[in-house]
Asker: 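My structure is below; once you've seen it, I'll send some questions.
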Amino acid sequence: MSWIKKKLIHFIKKLTNEQQGDNKIAISEKQEILATETPVALVYNDISHTVMMCSPRDLEDFAMGFSLSEGIIDKPSDIYGIDIEDACNGIEARIELATRCFVALKDHRRTLTGRTGCGICGAEQIQQVYKNVKKLDRTLTFRVAQLDDCLQQLQVAQELGKQTGSTHAAAFFSMEGKLLAIREDVGRHVALDKLLGWHAKASKPQGFIVVTSRASYEMVQKTVSAGIEMLVAISASTDLAVEMAEQYNLTLIGFARPGRATVYSGRERLAIDD
């Protein structure tokens, strides 16, 4: 399935006095490239677990990253195989899971059956929001002066974003500021899961993540669950994301722009040049 579509649309433009003599509206037609958005079902050992709306590329990375960040597996070797297949009105990612992980997944699904209310009321449900992830060690240092170049590399590498203007990107950089991988999707969480899938399959190189979205608590949790010590966001952070970043020892940066950034937590990993 293609990850872009071309569509004929109507383009509206207001003509100025200089162009037309008086103000008028002109309507013309043009070809526009749109990002494809399709349902992707994650099927574990022939049982459908969830359906996500995704861009239909890098779906093996997505299946791996989602399984890791959601705690369905502990390590890549817990997945024996991933098959991407066309299905009715969408795509199926069919994942062959280790028996131990599949039993745990079924038990988890069983505990959710029959719940009513808002879904996060009470101590048991709150623990579903705060996943059990380890605090990060402080082993890395990043020179802040390199951030502008990282942002430039990210902008150049956003192939799908430049064509459509409707996708998010998650990129992984070495601590020296070299772009190692980028994944794009219509959903920011999916883009990050795709990147984390690549990261796991690449034997978890050291580095940090830059995302073209806000930094929500889910983005923080997913980053920490992969053992990655720094997350940089183009937009702002939420209060819960900052609390979690402090709790897990994550360096969290927001409003990353050329020449500026906001450090929410983990200042000790940043080296400021004189």
Side-chain angles (χ1 to χ4, degrees), residues 1-7 9 32-73 79 82-97 105 108-109 112 118-120 128-129 131 154 157-172 181-201 209-223 225-226 231 233-236 238 240-241:
M1 180 181 291
S2 173
W3 43 276
I4 58 171
K5 294 179 180 178
K6 291 185 177 180
K7 187 174 180 63
I9 64 168
E32 186 116 326
I33 297 177
L34 307 178
T36 302
E37 188 174 18
T38 190
V40 175
L42 294 165
V43 181
Y44 292 94
N45 294 13
D46 296 324
I47 295 180
S48 181
H49 175 66
T50 189
V51 177
M52 307 286 285
M53 298 303 296
C54 307
S55 300
R57 64 184 299 186
D58 302 311
L59 292 180
E60 288 192 13
D61 286 345
F62 172 54
M64 177 66 73
F66 179 88
S67 300
L68 284 164
S69 66
E70 292 298 314
I72 296 171
I73 62 175
I79 289 180
I82 301 172
D83 293 319
I84 307 300
E85 301 176 0
D86 290 335
C88 180
N89 299 319
I91 298 174
E92 286 186 348
R94 306 190 67 85
I95 302 157
E96 186 181 355
L97 201 60
L105 178 61
H108 174 69
R109 289 169 61 87
L112 299 178
C118 73
I120 57 170
Q128 300 295 332
V129 176
K131 297 184 184 301
L154 175 61
Q158 289 180 66
E159 177 186 355
L160 185 55
K162 286 186 291 187
Q163 291 186 70
T164 67
S166 62
T167 57
H168 285 292
F172 192 85
I182 183 171
R183 294 293 182 267
E184 296 180 271
D185 200 90
V186 291
R188 57 193 171 91
H189 298 99
V190 177
L192 181 55
D193 277 331
K194 287 179 177 180
L195 185 70
L196 295 180
W198 165 85
H199 182 254
K201 293 193 293 184
I209 291 175
V210 181
V211 295
T212 60
S213 66
R214 71 180 185 273
S216 61
Y217 84 90
E218 303 104 319
M219 307 292 273
V220 166
Q221 256 186 175
K222 288 176 183 291
T223 301
S225 70
L231 174 64
I234 301 300
S235 297
T238 65
L240 184 55

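Throughout, numbering of the chain's residues begins at 1 and tracks the sequence. None of the values given here were measured: they were computed from a predicted structure.
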Asker: Determine the minimum heavy-atom distance between Ala171 and Leu154, stating which atoms define it.
Answerer: CB-CD1, 3.7 Å
Asker: Hey, could you give me the CG/CG distance between Asn45 and Leu105, rounded to the nearest 0.5 Å?
Answerer: 9.0 Å
Asker: Heavy-atom distance under 4.5 Å between the side chains of Leu231 and Met219, does that happen here?
Answerer: yes
Asker: Given side chains that start at C-beta, do those of Ser48 and Glu92 come closer than 4.5 Å, heavy atoms only?
Answerer: no
Asker: What is the ring orientation for Phe172 with His199, classed by angle as parallel under 30°, tilted 30 to 60°, or perpendicular over 60°?
Answerer: tilted
Asker: Rounded to the nearest 0.5 Å, what's the gap from CH2 on Trp198 to CG on Asp58? Could you check?
Answerer: 12.0 Å
Asker: Going by heavy atoms in the side chains, are His189 and Phe66 under 4.5 Å from each other?
Answerer: no
Asker: Grab the two heavy atoms, one from Leu195 and one from Ala181, that are nearest each other, plus how far apart they are.
Answerer: CD1-O, 3.9 Å
Asker: Where is the tightest heavy-atom contact between Ile234 and Thr212, given as atom of each residue plus distance?
Answerer: CG1-CA, 3.5 Å
Asker: Do Thr223 and Leu192 have side-chain heavy atoms sitting under 4.5 Å apart?
Answerer: yes
Asker: Do Leu196 and Ile209 come close enough that some side-chain heavy atom pair is under 4.5 Å?
Answerer: yes
Asker: To the nearest 0.5 Å, how far apart are OH in Tyr217 and NZ in Lys222?
Answerer: 9.5 Å
Asker: Of the non-hydrogen atoms in Ser216 and Arg188, which two are nearest, and what is the gap between them?
Answerer: OG-NH1, 2.9 Å
Asker: With a 4.5 Å limit on heavy-atom distance, are the side chains of Ile73 and Leu97 in contact?
Answerer: yes
Asker: Taking atom types as modelled, is there a side-chain donor on Arg57 or Thr36 under 3.5 Å from an acceptor on the other?
Answerer: no
Asker: Calculate, to the nearest 0.5 Å, the distance between atoms OG and CD1 belonging to Ser67 and Ile79 respectively.
Answerer: 4.0 Å
Asker: What are the two closest heavy atoms between Ala93 and Ala63, and how far apart are they?
Answerer: CB-CB, 4.4 Å
Asker: Closer than 3.5 angstrom, by distance alone: can the side chain of Asp185 be matched with the main-chain N or O of Val190 as a donor-acceptor pair?
Answerer: no
Asker: Less than 4.5 Å apart, side chain to side chain, heavy atoms only: is that true for His49 and Ile72?
Answerer: yes
Asker: To the closest 0.5 Å, what do you measure between CG (Leu42) and CD1 (Ile91)?
Answerer: 11.0 Å
Asker: In Å and rounded to the nearest 0.5 Å, what is the CD to CE distance from Glu37 to Met53?
Answerer: 4.5 Å
Asker: Quick check: does any side chain N or O of Ser55 sit under 3.5 Å from a backbone N or O of Val186, one acting as donor and the other as acceptor?
Answerer: yes
Asker: Under 3.5 Å, is there a donor-acceptor pair between the side chain of Glu184 and the main chain of Glu159?
Answerer: yes
Asker: Looking only at heavy atoms, what is the nearest atom pair of Ile84 and Glu60, with distance?
Answerer: CG1-CG, 3.9 Å
Asker: Applying side chain to side chain donor-acceptor pair (under 3.5 Å), can you list everything that pairs with Lys201, at least two apart in sequence or on another chain?
Answerer: Asp61
Asker: A side-chain contact here means heavy atoms from C-beta on lying under 4.5 Å apart; do Leu68 and Ser225 qualify?
Answerer: no
Asker: Side chain to side chain contact (heavy atoms under 4.5 Å, CB included) for Arg94 and Asp46? Distances and angles first, verdict last.
Answerer: CA-CA 7 Å; Arg94 306 190 67 85; Asp46 296 324; 2.6 Å; yes
